[in-house]
Amino acid sequence: MALPSHIVIVGGGVFGLSTALALTKRHPESQITVVDRGPIPDPAKWPVDNSRIVRADYANVAYSKLATIAIERWRNTDWGRNGRYTQNGLLLMYPDDGTSTKEYARKSYDNVKPVGRDNVEFLPSKADILRAFPTADSDRLDVAGGYVNWGAGLSDVTASLRFVKEQLDREGKVVFHTGYANRVLYDSPDDRPGSKPRATGVALYGGLSIHADLVILATGSKTWTGLVSLRDGTVLTSRATAFMRVSDEEQRELENLPTIHNIHTGICVLPPRDNCLKIARCTYIYRHETPVNASEEDFTFPGNVVPILATDAFRTVLKQLLPQFADRSFSSLNVSRRAESPKADFTVSYHPAYEGLFLAIGCSEHVSKFFPVIGDKVVDALEGSLELELRDLWAWTGGPVPVSNGEDGEDRF
Ligand SMILES: Cc1cc2nc3c(=O)[nH]c(=O)nc-3n(C[C@H](O)[C@H](O)[C@H](O)COP(=O)(O)OP(=O)(O)OC[C@H]3O[C@@H](n4cnc5c(N)ncnc54)[C@H](O)[C@@H]3O)c2cc1C
């Protein structure tokens with residue numbers, strides 16, 4: 001299917017660049033502009049936090065299948081070269097009383113086992129977990145079982161953004177523009193029944209406008225701040241990630257350990273990269289009740305509740321898994337506020353209320369692993385050829401949707 005000749009993508013993150021790359025290959029005749037408020041990649045955005053978990057371990061088989069395609073590209077093409085992908089494995093574990101988390105692990109195991117074959121090993125007891133993660137403190141470890149997938153890995157998100165940006169610069173088919181889009185431009189609907197306003201471009205702070213026949217918003221978790229109303233389609237949350245410096249010797253000792261994900265607490269421990277150990281709570285830890293279209297200034301925490309909750313939880317995890325680090329200071333603690341999709345699903349869909357406006361929005365903190373493949377899926381959706389299961393999963397919700405509490409091993413990492 002032909003696409004319009006002038007396309008503007010707002011956002012040069014994972015979604016935006018992957019989409020730009022796929023468009024240059026499949027619609028080389030289109031003129032594509034990518035607008036981002038900062039440099040791509042922005043060194044201020046991810047100064048240390050580059051590691052992203054790459055896994056096909058999803059309880060939802062549609063994500064599992066898509067991740068399998070992405071992993072094949074991370075492993076066997078230029079995407080994964082020069083340290084952009086390393087394969088260290090992923091260990092999912094659940095505690096004694098975690099019936100729903102055990103169920104999640106079972107579904108996820110069933111989905112990856114046929115793909116991972118010998119790389120996936122069920123660990124039915126605490127003793128088995130200790131075999132796969134020998135640094136853990138056997139007395140303190142609160143775990144009943146899990147499984148390890150040695151075929152999962154880590155990607156470097158900043159290096160991957162740089163890799164794609166350089167490729168697009170070399171090919172010269174995409175124009176990059178630095179600027180903050182503050183408004184989508186529309187023309188008025190005509191008199192025909194059912195006629196909708198048509199997106200005609202974006203206005204940037206400073207007065208410049210970029211005109212296009214198709215506007216793609218790939219603006220990530222801050223989309224709620226104004227370009228389009230996500231209404232009840234997102235929840236506002238806070239997440240925390242902590243970092244700890246480790247010595248060269250500690251790095252060598254730990255770097256080949258699998259990433260750990262405790263499905264019950266939602267906390268992940270990532271083996272160190274560049275002498276930095278990372279601990280993150282992959283389910284959100286605080287849900288805000290602020291209306292979605294509130295300004296960012298309204299979006300405040302009650303006291304220091306998030307950092308305190310997070311550091312307490314991280315220390316408990318370290319005591320169990322890496323006791324030698326339990327009392328070491330964190331070198332930094334990032335608390336980020338964001339809009340998240342209530343069920344961790346992306347929105348990849350035309351906006352129902354406007355012509356020529358398309359949403360390619362993750363809002364769910366698990367997009368990075370799909371970098372090599374997500375742009376192809378966006379272009380499939382633009383062309384109307386996206387497979388049915390993904391079309392249903394990523395449809396525009398627009399209105400109230402059931403919010404899960406994010407604590408049952410949901411797909412948010
Ligand atoms: C702490 C953390 C840990 C994560 N861990 C994992 C993981 O382990 N595995 C995994 O797969 N994923 C992970 N993710 C998720 C992944 O990194 C994000 O989902 C992904 O980067 C989102 O990509 P995006 O393109 O949707 O948004 P972004 O990367 O946020 O890109 C959006 C871009 O749009 C630009 N922009 C926004 N608004 C405007 C505007 N109005 N005008 C101009 N430009 C604008 C921004 O500058 C930005 O460059 C993690 C994310 C975080 C924050």
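Just so you know, these numbers use all the heavy atoms, side chains as well, and skip hydrogens, waters and symmetry mates. Atoms within each ligand, like the ligands themselves, are counted from 1 in listed order. Numbers here simply count residues along the sequence, with the first being 1.
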### Query
Taking the minimum heavy-atom distance to atom 4 (C) of ligand 1, which of H366, R52, R37, K278 ranks first?
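The residue whose heavy atom sits nearest atom 4 (C) of ligand 1 is R52.
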### Task
Answer yes if the ring centres of F314 and F325 are under 6.0 angstrom apart, and no otherwise.
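F314 vs F325: aromatic centres not under 6.0 Å.
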Heavy-atom contacts with [X] under 4.0 Å: which atoms of ligand 1 show up? List them by number with element.
X	answer
K369	9 (N), 10 (C), 11 (O)
L227	41 (N)
G11	33 (C), 34 (O), 35 (C)

### Query
Hey, is A218 touching ligand 1 through its side chain, its backbone, both or neither, going by heavy atoms under 4.0 Å?
backbone
### Query
Where on V10 is there a heavy atom closer than 4.0 Å to ligand 1, on the side chain, on the backbone, on both, or on neither?
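The answer is the side chain.
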Is there a polar contact between ligand 1 and [X], counting only N or O atoms under 3.5 Å apart?
X	value
A181	yes
V157	no
I53	yes

### Query
Using a distance-only test with no angle check, is there a side-chain donor-acceptor pair under 3.5 angstrom linking Y147 and S108?
yes
### Task
Would you check if there is a donor-acceptor pair between the side chains of N275 and D248 at a distance under 3.5 Å?
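N275 and D248 do have a side-chain donor-acceptor pair below 3.5 Å.
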Tell me whether [X] is salt-bridged to [Y], with the criterion being a basic N under 4.0 Å from an acidic carboxylate O.
X	Y	answer
R26	D376	yes
R245	E250	no
K165	D169	yes

Is the closest heavy atom of [X] to ligand 1 under 4.0 Å?
X	value
T241	yes
A280	no
G179	yes

### Query
salt bridge (charged side-chain N to carboxylate O under 4.0 Å, His left out) between K107 and D110: does it pass, once the steps are laid out?
CA-CA 5 Å; K107 279 192 202 155; D110 288 346; over 6 Å; no
### Task
Check step by step if salt bridge (charged side-chain N to carboxylate O under 4.0 Å, His left out) holds for K65 and E387.
CA-CA 12 Å; K65 282 196 283 192; E387 54 260 49; over 6 Å; no
